[in-house]
Asks: 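Sharing a structure with you now.
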Amino acid sequence: MYIDFDPFGPIQDALKEPESRVFEINTNKTYMPDAYKEMVAKEKGAAYYGRKHAVESIRARNTVCLYHVGAGVIGIASAKTEFRKMQDFVGDPEEDFYVPIEFE
């Protein structure tokens with residue numbers, strides 16, 4: 001006996017929608033009070049230093065919310081591509097990982 005647990009149904013060749021995920025990126029207000037200004041102006045969701053790897057799992061078309069401590073969500077966007085590395089951040093190589101976003 002066979003039991004199919006496919007959430008999209010038993011049709012094997014049916015078109016399946018890609019999984020949509022929502023990611024929250026903290027604007028790092030506590031340690032870098034002006035970082036959010038660059039994120040908004042350059043349309044990017046960024047993570048720095050010890051938290052930089054937090055954006056690595058974001059894929060194109062995922063929803064990204066910029067979260068600002070004390071204010072809440074300050075922007076909702078769609079990721080344009082997967083994450084990227086900037087080679088330099090305030091003189092520190094490879095310390096700014098980001099994902100290009102487009103605000104909704």
Side-chain angles (χ1 to χ4, degrees):
M1 197 166 160
Y2 177 74
I3 299 174
D4 186 4
F5 290 100
D6 186 348
F8 298 99
I11 302 170
Q12 296 300 319
D13 295 329
L15 179 63
K16 295 182 180 182
E17 293 291 323
E19 182 179 336
S20 177
R21 294 185 62 191
V22 176
F23 291 85
E24 181 181 290
I25 297 177
N26 190 306
T27 60
N28 202 16
K29 175 185 173 186
T30 304
Y31 301 103
M32 301 166 65
D34 293 329
Y36 79 95
K37 293 177 184 177
E38 180 183 22
M39 289 185 207
V40 172
K42 294 186 177 181
E43 292 193 313
K44 69 177 193 173
Y48 310 93
Y49 301 101
R51 295 291 304 150
K52 67 185 179 184
H53 297 286
V55 299
E56 287 183 345
S57 59
I58 299 174
R59 302 288 177 249
R61 296 183 306 279
N62 285 152
T63 300
V64 176
C65 298
L66 296 183
Y67 177 81
H68 199 63
V69 173
V73 174
I74 62 168
I76 298 175
S78 293
K80 291 181 180 179
T81 66
E82 295 180 359
F83 87 98
R84 298 179 180 173
K85 297 178 191 177
M86 288 188 75
Q87 294 302 312
D88 184 27
F89 180 73
V90 192
D92 296 328
E94 296 187 16
E95 290 299 339
D96 179 1
F97 281 31
Y98 73 97
V99 60
I101 58 176
E102 183 174 357
F103 289 105
E104 296 181 2

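Start at 1 with the first residue, then count along the sequence. Every heavy atom of this structure was used, including side-chain atoms; hydrogens, water molecules and symmetry mates were not.
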Asks: How far apart are the closest heavy atoms of Val64 and Ala79, and which atoms are they?
Replies: CG2-CB, 4.3 Å
Asks: Please evaluate residues Glu38 and Lys44 with respect to the criterion salt bridge (charged side-chain N to carboxylate O under 4.0 Å, His left out), reporting the C-alpha separation (whole Å), side-chain torsions for both, the decisive distance (0.1 Å), and the verdict.
Replies: CA-CA 8 Å; Glu38 180 183 22; Lys44 69 177 193 173; 3.4 Å; yes
Asks: Please give me the minimum heavy-atom distance between Asn26 and Asn28, naming the atom from each residue.
Replies: OD1-N, 2.7 Å
Asks: What's the separation between atom CD in Glu24 and atom CD1 in Ile76, rounded to the nearest 0.5 Å?
Replies: 11.0 Å
Asks: Using side chain to side chain contact (heavy atoms under 4.5 Å, CB included), reason through Ile74 and Tyr67 one step at a time and then give a plain yes or no.
Replies: CA-CA 6 Å; Ile74 62 168; Tyr67 177 81; over 6 Å; no
Asks: Under the side chain to side chain contact (heavy atoms under 4.5 Å, CB included) rule, what do Glu95 and Tyr48 come out as? Steps first, then yes or no, please.
Replies: CA-CA 5 Å; Glu95 290 299 339; Tyr48 310 93; 5.8 Å; no
Asks: Using a cut-off of 6.0 Å, state whether more than 12 heavy atoms not belonging to Lys80 lie near its atom NZ.
Replies: yes
Asks: Determine, step by step, whether Asp96 and Tyr49 satisfy the side-chain hydrogen bond (donor to acceptor under 3.5 Å, both in side chains) criterion, reporting the C-alpha distance in whole Å, the side-chain angles of both residues, the deciding distance to 0.1 Å, and the verdict.
Replies: CA-CA 7 Å; Asp96 179 1; Tyr49 301 101; over 6 Å; no
Asks: What is the minimum heavy-atom distance between Gly45 and Leu66, and which atoms define it?
Replies: CA-CD2, 4.1 Å
Asks: Consider only side-chain heavy atoms of I, L, V, M, F, W and Y, link residues closer than 4.5 Å, and tell whether Ile58 and Val73 are in one cluster.
Replies: no
Asks: Please round to the nearest 0.5 Å and tell me the distance separating atom OG1 of Thr27 and atom CG of Asp34.
Replies: 10.5 Å
Asks: Is the Phe83-Tyr98 ring centre distance short of 6.0 angstrom?
Replies: no
Asks: Could you report the tightest heavy-atom contact between Glu56 and Phe97, atom names first, then the distance?
Replies: OE2-CE2, 3.2 Å
Asks: Side-chain contact, heavy-atom cut-off 4.5 Å: Pro100 with Glu43?
Replies: no
Asks: Please tell me whether Phe89 and Ile25 are part of a single hydrophobic cluster in this structure, the criterion being side-chain heavy atoms less than 4.5 Å apart.
Replies: yes
Asks: So, the side chain of Lys29 versus the backbone of Val69: is there a donor-acceptor pair under 3.5 Å, distance only?
Replies: yes
Asks: Determine the sole option in Asn62, Val99, Thr63 for which the side-chain contact (heavy atoms from CB on, under 4.5 Å) test with Phe23 is passed.
Replies: Asn62
Asks: Does Thr81 offer a backbone N or O that forms a donor-acceptor pair with the side chain of Arg84 under 3.5 Å?
Replies: no
